[in-house]
Amino acid sequence: MLIAFVSFKCTKEEAKPKPVIVSADFYNRMLFIDQQSYQIKTSEPATFKKLGTNTSFNISETGLITQTTINVVHEIEATWADGTKTKFFVMAASGTADKNHYLRGWKYIEKLYATDTTRAIVIRHAEAIVGTDGETLPASTNWWTSCDSKLARQLSENGRKQSEYYGTVFKGVKMPIKKIFASEFCRAKQTAELMNLGLPITIDKRINGHFYNVSGVTSDVGMVKILEEQVATKQLLMLAAHYDISAGISKMGTLDMADSFFMKIGADKKTAFQGIVSYPMWRAYYDIESSKK
């Protein structure tokens with residue numbers, strides 16, 4: 001008996017790669033640009049539109065960005081040929097140095113969860129435009145510690161909301177902050193308090209703003225001192241301070257109120273700047289991480 005065996009080869013159609021944004025400096029759904037006219041690049045054709053009503057930012061259907069405002073985050077939606085949509089963000093920086101600082105900080109967020117070394121999130125206090133600092137008042141008044149807007153500049157209502165939202169973000173993404181430090185100024189202390197992270201706040205005059213700082217060191221040096229004292233902990237710290245705490249960082253510029261930057265310190269006690277994440281970027285990060293759940 002002759003038995004014939006016939007083999008059949010089953011072929012399975014290979015899955016088509018998903019269309020993606022291929023522009024340089026695009027990472028974790030954030031595109032960083034430093035030009036007022038920028039063409040988004042994609043693996044396949046897409047139609048773009050902005051989400052929101054900011055009139056200072058425009059994007060054509062083909063992905064040409066124009067009239068961007070600096071250091072602002074915008075949300076964009078791309079619709080692909082198959083009808084699927086991708087939402088992402090654009091961070092428009094004021095120049096190449098700023099763009100690189102923001103991109104570096106954005107990439108560094110994921111390293112804040114590691115326990116191999118001591119790191120710090122350093123935040124300039126939230127918006128504080130109520131009152132003025134009583135720099136001409138005698139030290140005996142302790143004006144800089146006062147929460148009275150007649151004696152010192154205080155958080156605005158928006159600043160209080162920013163602080164509270166920081167708490168929502170940090171708790172929502174399970175940011176492993178272990179210790180909190182704040183300057184003696186009420187606006188810095190309240191920025192930390194309103195986050196409601198369930199941790200004690202250590203008040204440290206070494207990170208006071210120059211408006212009143214008699215600690216013997218400038219706030220940027222005071223920040224380094226704190227990091228040096230915490231080097232053995234290998235924990236994530238948070239510092240709430242003032243704009244001049246970044247003075248020793250080359251080409252960084254001045255932080256806007258409520259913006260942040262990252263520092264790390266190694267076992268050799270050498271500190272290193274690790275980039276900037278603005279308050280709007282933190283909002284975007286929270287949105288991105290929340291969408292993954």
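When reading the values below, keep in mind they use all heavy atoms of this one structure, side chains included, and skip hydrogens, waters and symmetry mates.
Between the side chains of Ser219 and His242, not a single donor N or O lies within less than 3.5 Å of an accepting N or O. In this model, a donor atom of one side chain and an acceptor atom of the other lie less than 3.5 Å apart for Thr79 and Lys85. Side-chain contact of Asn158 with Ser156: a donor-acceptor pair under 3.5 Å is absent, judged by distance alone. Looking only at atom types and distance, the side chain of Arg160 has no donor-acceptor partner in the side chain of Thr191 under 3.5 Å away. A donor and an acceptor atom, one from each side chain of Ser278 and Asp259, are nowhere located under 3.5 Å apart. Donor-acceptor pairing under 3.5 Å is lacking for the side chains of Arg104 and Tyr108.
Looking only at distances, a side-chain donor or acceptor of Asn208 sits under 3.5 Å from a matching main-chain atom of Glu184. Using a distance-only test at 3.5 Å, with no hydrogens or angles considered, a donor-acceptor pair links the side chain of Ser163 to the main chain of Gly159. Although no hydrogens or angles enter the test, the distance criterion places no donor-acceptor pair under 3.5 Å between the side chain of Lys87 and the main chain of Ile76. Side-chain atoms of Ser260 do not come within 3.5 Å of backbone N or O of Ile123 as any donor-acceptor pair. Looking only at distances, a side-chain donor or acceptor of Asp244 sits under 3.5 Å from a matching main-chain atom of His210.
At a threshold of 4.5 Å between non-hydrogen side-chain atoms, the residues Leu239 and Ile226 count as touching. Counting heavy atoms from C-beta outward, Ile201 and Glu193 have side chains that approach closer than 4.5 Å. A 4.5 Å side-chain heavy-atom check between Thr84 and Thr86 finds every atom pair outside the cut-off. At least one side-chain heavy atom of Trp143 sits under 4.5 Å from a side-chain heavy atom of Tyr212. Side-chain contact between Met91 and His74 is absent, with no heavy-atom pair separated by less than 4.5 Å. Residues Lys171 and Val169 fail the side-chain proximity criterion, which asks for heavy atoms closer than 4.5 Å. Side-chain contact between Asn213 and Thr218 is absent, with no heavy atoms from C-beta onward closer than 4.5 Å. Looking at heavy atoms from C-beta onward, Met30 lies in side-chain contact with Val73 at the 4.5 angstrom threshold.
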side-chain hydrogen bond (donor to acceptor under 3.5 Å, both in side chains) between Ser291 and Arg29: does it pass, once the steps are laid out? CA-CA 12 Å; Ser291 70; Arg29 289 175 53 185; 3.0 Å; yes
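Residue Val22 is found in a hydrophobic cluster whose other members, listed by chain and number, are Val20; membership requires side-chain heavy atoms under 4.5 Å apart, directly or through intermediates.
Between Lys150 and Asp148 there is no salt bridge, since no side-chain nitrogen of the basic residue lies less than 4.0 Å from a carboxylate oxygen of the acidic one. Using a 4.0 Å cut-off between a side-chain N of Lys or Arg and a carboxylate O of Asp or Glu, Glu289 and Lys292 qualify as a salt bridge. Look at Glu229 and Lys179 and you find no salt bridge, because none of the NZ, NE, NH1 or NH2 atoms lies under 4.0 Å from a carboxylate O. Between Glu228 and Lys269 no salt bridge is recorded (no basic side-chain N to carboxylate O distance below 4.0 Å).
Taking the six-membered ring for Trp and thresholds of 30 and 60 degrees, Phe273 and Phe261 have ring planes inclined between 30 and 60 degrees apart.
Applying side chain to side chain contact (heavy atoms under 4.5 Å, CB included) to Phe26 and the options Leu31, Val90, Leu103, Ile40 leaves one that passes, Leu31.
Counting heavy atoms of neighbouring residues, nucleotides and ligands inside a 6.0 Å radius, atom CD of Gln35 exceeds 12 of them.
Within the structure, every pair that satisfies the salt bridge (Lys or Arg N to Asp or Glu O under 4.0 Å) test and touches residues 105-133, not counting sequence neighbours, is listed here: Asp116-Arg119, Asp133-Arg187.
Met252 and Phe32 end up in the same hydrophobic cluster when Ile, Leu, Val, Met, Phe, Trp and Tyr side chains are linked at under 4.5 Å.
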